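What follows is a single structure, written as C-alpha cells, with notes after it.
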Amino acid sequence: MEHTLDQDNSFELPKVYAPSDVEEKIYNYWLSNHFEQSCPDSREPFVIVIPPPNITGALHMGHALNNTLQDVLIRYARMKGYNALWVPGTDHGGIATQNVVEKLLLKEKKTRHDLGRKKFLDYMWEWRKQTGDTILNQLQKLGCCCDWSRTRFTMDEICSLAVNKAFIKLFNEGYIYRGERIVNWCPRCHTAISDIEVEYKEQKSYLWFIKYPLKNADSENKYIVVATTRPETMLGDVAVSVNPKDGRYKNFIGRKVILPLVNREIPIIADELIDMEFGTGAVKVTPAHDLVDFQIAQNHKLVVNLKVVDENAKMINVGKYTGLDRFECRKQVIADLETLGLVEKVEDYKHSVGFCYRCNTVIEPLTSDQWFVKMDKLAEKAIQSIEKGEVVYYPENWKEHTLRWLKNIKDWCISRQIWWGHRIPVWYCVDLVKTEKLKNLTEEDLNNVPIKNYIKSSCPPIASVKKPSKCSCCGGTDFIQDPDVLDTWFSSSLWPFSVFGWGKEENNNEIDKLKNFNLELNYYYPTRVLVTGYEILYLWVARMIMMGLYFLNKVPFSEVLVHGIVRDMHGKKMSKSLGNVIDPIEIVKQYGTDALRFSVVSFAGVGKDIHLSEESFVSARNFMNKIYNMTRFILMNIEREQVYCIKNVTVDKMSIADNWILSELQNLVFSVQKNYEKYLINSISRDLFDFVWFKFCDWYIEIAKLRLSKNETETEKEQKVLTMSILLYILEQILKLLHPMIPFFTEHMWQKLQKLNLLNDKSESIMKSVFTEKVEIKFDSFSAQKFELIENIVKEIRSLRNNFKLQSNAKPEIIICGSDDVLDVVRQYEIYILRLGWVNRIRYNENKPSHSTTSIVKINFIAKTIELSMLLEGMIDIEKEKMRLKKEFEETKKFIVSLEEKLANDKFISCAPKDEIEKIKERYILSKESLGKLEKFILELER
RNA sequence: GGACGGUUGGCUCAGCGGUAGAGCAUCCGGUUCACAUCCGGAGGGCCACAGGUUCAAAUCCUGUACCGUCCACCA
C-alpha cells in the first residue's frame with residue numbers, strides 16, 4: 001500500500017502543470033492514510049451527510065457543483081480544527097431505478113412479471129452490485145474526501161433497520177393510515193406517486209362545452225352546459241355542480257340531467273368550491289378522477305369510486321368505450337357528442353397538465369387504496385423549529401418557502417406499487433375462506449391479486465418486520481405481507497440518522513458493526529449543514545426536518561445551504577434529450593479536476609443558478625497554470641544551504657512591498673473566514689484569485705525578483721533570505737487557502753515543499769494542516785500603505801509608454817517632482833520603479849524639458865500629487881499634448897465642481913458620516929492640486 | 001391565480017447607500033532569466049423602464065415590461 005507520495009528532491013518543475021499525472025496518485029495517498037476518516041473524539045464534530053445520488057446516476061454537473069461545495073466545506077472545517085465527517089452513500093431510487101432496469105429487461109424481451117417478484121429483485125440487486133457504485137467512484141475522481149468506510153445505501157441492512165423502525169413507530173402511534181383516496185397514478189410506472197412528484201406543465205388543449213340534457217326539460221331550458229378539458233371522463237360523472245350563489249342556475253339546483261352517451265340520471269348540486277367565473281359556471285363532477293370532484297362528491301354523499309379509467313389508462317365500465325385508451329376515447333366521445341349535437345362550442349385553452357416526474361407520462365388521478373402519513377402534527381413541529389431559527393437557510397428566502405409549504409401540507413402517500421424498495425412491514429390476517437379459491441396460487445401469484453381478495457377485513461393489519469405469530473383479533477396464524485413498497489423518499493427522510501445506525505436497538509446482536517452506533521449517533525447527530533439544490537427542498541429537506549424532530553427530537557442539521565441548478569448558456573436545464581449536457585468527466589480530462597472545481601465554485605452564488613459552457617472552465621484552468629508557475633518560480637530560487645523561515649523576517653528589515661503584501665494577505669485571510677461563515681464560497685474564490693494573480697504575482701513577485709537576483713554582499717544575502725522567507729510563507733498560506741477548492745494541486749505542492757523542509761506547518765498532508773487564522777509575521781501597516789506610491793507611478797509610466805508607442809526595449813528617463821516626504825519614499829524604492837516601469841533613470845525636482853510628456857499621479861493615502869514627466873526626444877506632438885492635458889483639465893474641473901457642491905451643501909455636512917466628509921475633502925484637495933498643475937503644464941506648452 | 005428571483009460594458013457575472021468592477025471577447029504593443037494556459041496598455045456601461053425615499057441611489061421603496069423558477073382544488 002502506498003502511504004507516501006513519490007516526490008523527487010529537485011527544485012525544478014516541468015514547465016506546464018499536468019493535473020492528470022498527479023490527481024489519481026494523490027487521491028490514493030489520501031485513501032491509504034485514511035485522512036478522510038473520522039471517529040468520535042473530544043473535538044467538536046462538523047458533519048455533512050451527502051444527498052445520496054441514485055444508483056442509476058452518472059455524475060453530471062449538478063453533482064459536481066453539489067459535491068464540490070460539500071467537499072470545500074468539509075476540508076475547510078477539518079483545517080479549522082473540527083472533527084470533520086462527510087458521510088457518503090447512494091439512494092435506491094425506487095421508481096426511477098426500477099424503470100431503468102425494466103428497460104434493460106425489455107431488451108431481452110422480458111417484463112418484470114415474466115420473472116416474478118423474487119427473481120426480478122435478484123436481478124435488480126445483481127444489477128446494483130455491478131453498476132450501483134459508479135457515481136461514488138466518480139465522486140472520488142472529483143476529489144471528494146468522504147469517509148468511505150461509512151458508505152451507506154438506503155436499502156442496506158443498516159438503513160433498512162431505520163426504515164422499518166420508523167414505519168412501525170409511526171404506524172403504532174397513529175401517524176400512518178390506509179385509505180381509499182384520489183392519488184396521482186402513473187399508468188406507465190404503474191404506481192401511485194405523491195403530490196410533489198407530479199410535475200405540472202403548460203399544455204395547449206381545448207375547452208369543450210357540452211350540453212347535458214335536462215330531465216323533464218321545459219321550453220326555456222333544455223340543457224345545462226358544462227365546460228371540460230377532459231370529455232372522456234364524463235362517462236364517470238355522478239353530478240353536475242354549480243355555485244349556490246350563482247343566479248343563473250338558481251332554478252337548476254336539485255333537478256336532474258340525463259348524462260349523454262350513457263343515459264344515466266345524475267343530479268345538479270350546489271357547492272361552494274365551484275368558481276362561477278370559469279366556463280359556464282356549471283361543472284361536471286367525476287369523483288374517481290379528479291381531486292376536487294372527489295371532495296364535492298364526498299360532501300354530497302355521492303358515489304366516489306365510479307372509475308372509468310383503469311390503472312393502464314384504458315377505459316373501463318363504459319360499454320362500447322371499454323378498452324379504449326383514454327385519449328383515443330376522448331376523440332370518440334367528442335365525435336359521438338357532435339353527432340348528437342351536444343357540443344355547444346370548443347375553445348382553445350392552455351392549462352397545466354400533471355406529468356410523472358420519473359417517466360413523463362400524463363398522470364391519471366384515480367381512486368385507490370394507499371398508505372398515507374398524517375403530516376399536520378409532524379409539520380407543526382418543523383414549523384416551530386424553523387421559526388425559532390433552529391434550522392437556518394442560506395439564502396434566507398427558502399425559509400419562507402419551506403414554511404409556506406409546511407403550513408399547507410397534505411398527507412403523504414407513501415405506498416408504491418412497484419417491487420424495488422423497502423417492502424411495507426405490514427401484515428394482514430389471511431381469510432382462509434376467501435383464500436380457498438386462491439389456494440393453488442403461489443405466493444408469487446398472490447402478489448398480483450388485490451389483497452382485499454384474500455384478507456380478513458375485520459382484523460386490523462399488524463406492523464412488524466417479521467411475520468406475526470398470532471392475530472390478536474381472531475387468533476389466526478396465517479398472514480400475508482403488504483405487497484407494496486415505500487416511497488423512496490421515505491428512506492431518504494431518515495438519512496441523517498439512519499446512516500449512523502439509528503434503529504439498532506431492536507437488532508442488537510444481529511450486526512456486529514453496529515456496536516458503536518449509539519455512541520456515534522449521539523456524537524455526530526445532529527449534522528451541521530445540508531447542501532442541496534432547491535428542487536428537492538420539499539421532497540427531501542423538509543421531510544428530513546420533520547422526521548428528525550419526530551424520532552430524535554432534534555433538527556437533523558442546523559443549516560441548509562441551497563445552491564442553484566446548472567444550466568447551459570441559454571438558461572436551459574442540462575438534459576440528455578436537449579443535447580446540452582457538459583460532462584464533468586470530460587472537463588476533468590481536458591482541464592483537470594481542480595479547474596473544474598474552481599470554476600464551479602466560482603460561479604455558484606448562494607441560491608443562484610449557474611450558466612455553463614465549455615469555455616467556462618478556461619479561466620480556472622489558466623489560474624491553475626498561473627499558481628503552478630508561481631510555485632515553480634519560487635522553487636527555482638531556493639538555495640539548498642539556506643534556511644527560510646518566518647524568523648528571518650523582521651519588521652525593520654522589510655520594504656514597503658513586504659509590508660504591503662503581508663497586509664493584503666491579512667485582509668484576505670480575514671475576509672475568507674468571514675465568507676465561509678456565510679457560505680459565500682464564490683466570493684472566497686474570487687478574492688483568492690485576485691490576491692494571487694493581481695497582487696502577489698503581478699506586483700510582489702516582480703519586485704522580489706530584484707532582491708533575488710542580488711547575492712553578493714552580506715546585506716544582499718540577508719535581503720534575499722528575507723524575501724524568500726516571505727515568498728515561501730505566502731505561498732504556504734495561498735496553498736492552505738486554496739486547498740478546499742483545489743485539493744489536488746495544493747497537496748501536490750505541499751508534499752514537494754514539505755519534503756524540502758520549506759513549510760512552516762509540518763503537517764504531513766495539507767488536508768491535515770491547520771488553517772492560519774491570522775498572519776504570523778509582524779508587519780507595519782503604515783509602511784504597507786506607501787506601496788500605493790510605487791503602484792501608481794509604475795502604472796502611469798506604463799500607460800505613457802504605451803501611449804507614445806515606445807519600443808518595448810526602450811528605456812526612457814523620467815523626472816518626478818513632488819514634496820520631500822513623498823520623494824523620500826520614491827528615492828528609497830527607486831529601483832522598483834526602474835524595474836517595473838522599464839525606466840533608465842529617475843531625476844528629481846528638475847525642470848522638465850520641452851521634449852517631455854507629463855502626467856499627474858495622485859497618491860490617495862496622503863492626499864498629494866506628484867508630477868511625472870517622461871523624456872521623449874523627437875516624439876512629442878505639442879498640439880496633441882495640449883489636447884490631452886486640456887481634456888484632463890476639463891474633467892478635473894468638472895469633478896471639482898461636483899465636490900464643491902457637496903461640500904457647500906449644509907445637509908451633506910450635517911448628515912453624512914465624518915469619514916465620508918473627510919474623504920471628499922481629501923479628494924477635493926487632491927483634485928485642486930492636480931488642476932493647478934495641469935494649468936501650469938498647459939501654459940508652459942503654449943509659451 | 002399567488003409568491004420568489006433576475007434584468008450592470010458584445011458574452012458570463014461581481015458590487016447592493018457614497019467618484020461604475022473582473023474574466024472572456026475586441027483593439028494596440030510585447031521571446032526583459034515563473035508562466036504566450038503569459039506580460040503591458042487601450043477602447044467599451046446615463047447599472048431594463050417610470051416614479052418615490054435620501055444630503056447622496058446600480059445599490060432602499062412602489063409600479064411597469066421582459067426572462068426564469070416555485071406553489072395552487074386552472075374543471
Side-chain angles (χ1 to χ4, degrees), chain A residues 13 15-17 196 200 202 207 226-230 233 241 273-275 277-280 282-286 290-296 349-352 395 397-398 400-401 404-405 408 534-535 537-538 564-565 567 569 571-572 591 595 602-603 605 607-613 615-616 618-637 682-683 686 689-690 693-694 697-698 701-702 705 709 795 798-803 805-809 811 835-836 838 895 898-899 901-902 905-913 915-917 919-920 923 927:
Chain A
L13 293 171
K15 210 173 169 183
V16 174
Y17 178 51
I196 36 179
Y200 288 92
E202 276 283 287
L207 191 60
V226 299
T228 180
T229 52
R230 297 202 56 195
T233 61
S241 182
L273 285 173
I274 304 303
D275 176 5
E277 305 295 310
F278 187 87
T280 59
V283 170
K284 58 196 265 326
V285 179
T286 322
D290 184 285
L291 185 62
V292 187
D293 292 4
F294 185 84
Q295 278 173 21
I296 294 176
Y349 190 62
K350 253 202 212 162
H351 67 143
S352 64
N397 61 307
W398 288 108
E400 281 310 315
H401 280 125
R404 200 177 325 135
W405 183 75
N408 293 307
Y534 54 76
E535 72 272 25
L537 238 29
Y538 309 142
I565 289 174
R567 299 173 181 280
M569 276 308 180
K572 291 261 184 312
Y591 300 110
S602 309
F603 291 125
K608 283 191 169 177
D609 288 352
I610 64 178
H611 294 187
L612 290 180
S613 73
E615 291 76 50
S616 307
V618 172
S619 166
R621 189 272 314 263
N622 294 351
F623 183 52
M624 297 306 113
N625 195 249
K626 185 73 183 177
I627 54 180
Y628 174 77
N629 275 290
M630 160 191 100
T631 313
R632 183 164 162 256
F633 169 78
I634 294 171
L635 285 176
M636 273 171 53
N637 284 281
N682 59 333
S683 304
R686 199 183 43 250
F689 184 96
D690 288 353
W693 203 313
F694 304 138
C697 290
D698 285 355
I701 287 185
E702 288 309 314
K705 282 175 181 172
S709 64
K795 278 185 187 161
R798 286 170 171 173
S799 176
L800 287 174
R801 292 179 65 98
N802 273 288
N803 234 332
K805 301 207 185 315
L806 243 64
Q807 295 276 317
S808 63
N809 56 358
K811 281 189 163 191
R835 162 95 186 196
L836 298 185
W838 207 242
F895 186 51
S898 76
L899 294 174
E901 274 170 9
K902 268 193 176 176
N905 184 341
D906 291 343
K907 279 191 177 165
F908 173 72
I909 300 296
S910 59
C911 296
D915 290 3
E916 184 57 28
I917 298 171
K919 226 162 72 187
I920 300 290
R923 246 176 237 162
S927 305

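All values derive from a computational prediction rather than experimental measurement. Side chains included, hydrogens not; waters and symmetry mates left out as well; all remaining heavy atoms used. Each chain gets a letter, A, B and so on, in the order the sequences are listed, and its residues count up from 1.
Contacts of F895(A) with the nucleic acid, taken as non-hydrogen atoms under 4.0 Å apart, include base atoms. Counting non-hydrogen atoms under 4.0 angstrom, I274(A) reaches a base of the nucleic acid. At a threshold of 4.0 angstrom between heavy atoms, the contacts of R567(A) are confined to the sugar-phosphate backbone, with no base atom among them. Using a 4.0 Å heavy-atom distance criterion, W838(A) is classed as a base contact. Residue-level contact check: E916(A) touches the bases, meaning some heavy atom is under 4.0 Å from a base atom. Counting non-hydrogen atoms under 4.0 angstrom, N397(A) reaches the backbone sugars and phosphates but no base.
The side chain of H611(A) sits closest to C13(B) out of A34(B), G18(B), C13(B). Comparing atom distances between the Y534(A) side chain and each of C74(B), U69(B), C71(B) picks out U69(B) as nearest. Nearest to the side-chain atoms of K795(A) among the listed nucleotides A14(B), G41(B), C55(B) stands G41(B). Closest approach to the D275(A) side chain among G18(B), A75(B), A34(B) is made by A75(B) (side chain taken as heavy atoms from C-beta onward). Out of C70(B), G18(B), A75(B), the shortest distance to the side chain of T228(A) is found at A75(B).
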| Taking it one step at a time, do V618(A) and Y591(A) satisfy side-chain contact (heavy atoms from CB on, under 4.5 Å)? | CA-CA 8 Å; V618(A) 172; Y591(A) 300 110; 3.8 Å; yes

- Task: Assess whether side-chain contact (heavy atoms from CB on, under 4.5 Å) is satisfied between H611(A) and F603(A), documenting all intermediate values.
- Result: CA-CA 8 Å; H611(A) 294 187; F603(A) 291 125; over 6 Å; no

Assess whether side-chain contact (heavy atoms from CB on, under 4.5 Å) is satisfied between Y17(A) and R632(A), documenting all intermediate values. CA-CA 10 Å; Y17(A) 178 51; R632(A) 183 164 162 256; over 6 Å; no

- Kindly indicate, with the supporting measurements, whether the criterion side-chain contact (heavy atoms from CB on, under 4.5 Å) is fulfilled by N905(A) and E901(A). CA-CA 6 Å; N905(A) 184 341; E901(A) 274 170 9; over 6 Å; no

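Of the C1' atoms belonging to G9(B) and G5(B), the separation is 23 Å, rounded to the nearest Å. G51(B) and A65(B): their C1' atoms are spaced 15 Å apart (whole Å). Taking atom P in both G15(B) and A48(B), one finds a spacing of 15 Å when rounded to whole Å. Rounded to a whole angstrom, the distance from the P atom of A3(B) to that of A72(B) is 15 Å. A gap of 13 Å separates the C1' atoms of U7(B) and U64(B), to the nearest Å. Nucleotides C4(B) and G44(B), compared at atom P, are 39 Å apart to the nearest Å. Comparing the same atom, P, in A36(B) and in C24(B) gives a spacing of 15 Å after rounding to whole Å. Distance check on atom C1': G68(B) versus A34(B) gives 44 Å, rounded to whole Å.
Listed pair S799(A) / A42(B) meets the phosphate criterion, a side-chain N or O lying under 4.0 Å from OP1 or OP2. Listed pair K805(A) / G30(B) fails the phosphate criterion, with no side-chain N or O lying under 4.0 Å from OP1 or OP2. For H401(A), no side-chain nitrogen or oxygen approaches OP1 or OP2 of A3(B) to under 4.0 Å. Using a 4.0 Å cut-off, some side-chain N or O of H351(A) falls inside it from OP1 or OP2 of A75(B).
Between F623(A) and F689(A), the ring-plane angle classifies as tilted under the 30° and 60° cut-offs.
Without hydrogens or angle criteria, D609(A) side chain to I565(A) main chain gives a donor-acceptor distance under 3.5 Å. Put simply, the side chain of S799(A) never gets that close to the backbone of K795(A): no donor and acceptor are under 3.5 Å apart. No side-chain donor-acceptor contact under 3.5 Å links N625(A) to the backbone of R621(A). Distance alone, capped at 3.5 Å, is enough to place a donor-acceptor pair between the R801(A) side chain and the W838(A) backbone.
What you find for T233(A) and K284(A) is that their closest heavy atoms are OG1-NZ, 2.7 Å. Considering all non-hydrogen atoms of both residues, A595(A) and A620(A) come closest at O-CB, 3.4 Å. When all heavy atoms of I701(A) and M630(A) are compared, the pair lying nearest together is CD1-CG, 3.9 Å.
One atom, CG of L806(A), and another, P of G29(B), lie 14 Å apart when rounded to the nearest Å. In this structure, the CG atom of D609(A) is 14 Å from the P atom of G5(B), given to the nearest Å. The distance between atom CZ of F908(A) and atom P of G18(B), rounded to the nearest whole Å, is 12 Å. With rounding to whole Å, F294(A) atom CZ is found 18 Å from A75(B) atom P.
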Intra- and inter-strand pairing of RNA chain B, written as dot-bracket with Watson-Crick and G-U pairs under 3.5 Å and | for the latter, reads ((((((((.[[[[.)..(..]]]].(((((.......))))).....[[[[[..)....]]]]])))))))....

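The 5' end of RNA chain B is approached more closely, in terms of each residue's nearest nucleotide, by I565(A) than by the other of R230(A) and I565(A). Residue whose closest nucleotide on RNA chain B sits further toward the 5' end, between K608(A) and K907(A): K608(A).
Counting distance only, with no hydrogens placed and no angle test, the side-chain atoms of N802(A) and the base atoms of G40(B) include a donor-acceptor pair under 3.5 Å.
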Can you give me the N/O atom pairs linking the protein to nucleotides 35-39 of chain B at distances under 3.5 Å, or say none if there are none?
residue	atom	partner	partner atom	Å
C35(B)	O4'	N629(A)	OD1	3.1
C35(B)	O2'	N625(A)	OD1	3.2
C35(B)	O2	K626(A)	NZ	3.1
C35(B)	N3	K626(A)	NZ	2.9
U37(B)	O4'	N622(A)	OD1	3.1
U37(B)	O2'	N625(A)	OD1	3.2
U37(B)	O2	R621(A)	NE	3.0
C38(B)	OP1	N622(A)	ND2	3.1
C38(B)	O3'	K626(A)	NZ	3.4
C39(B)	OP1	K626(A)	NZ	2.8
C39(B)	OP1	W693(A)	NE1	2.6

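In this structure, F603(A) forms no aromatic stack with the base of U12(B), since the conditions of centre separation below 5.5 Å and plane angle below 30° are not both met.
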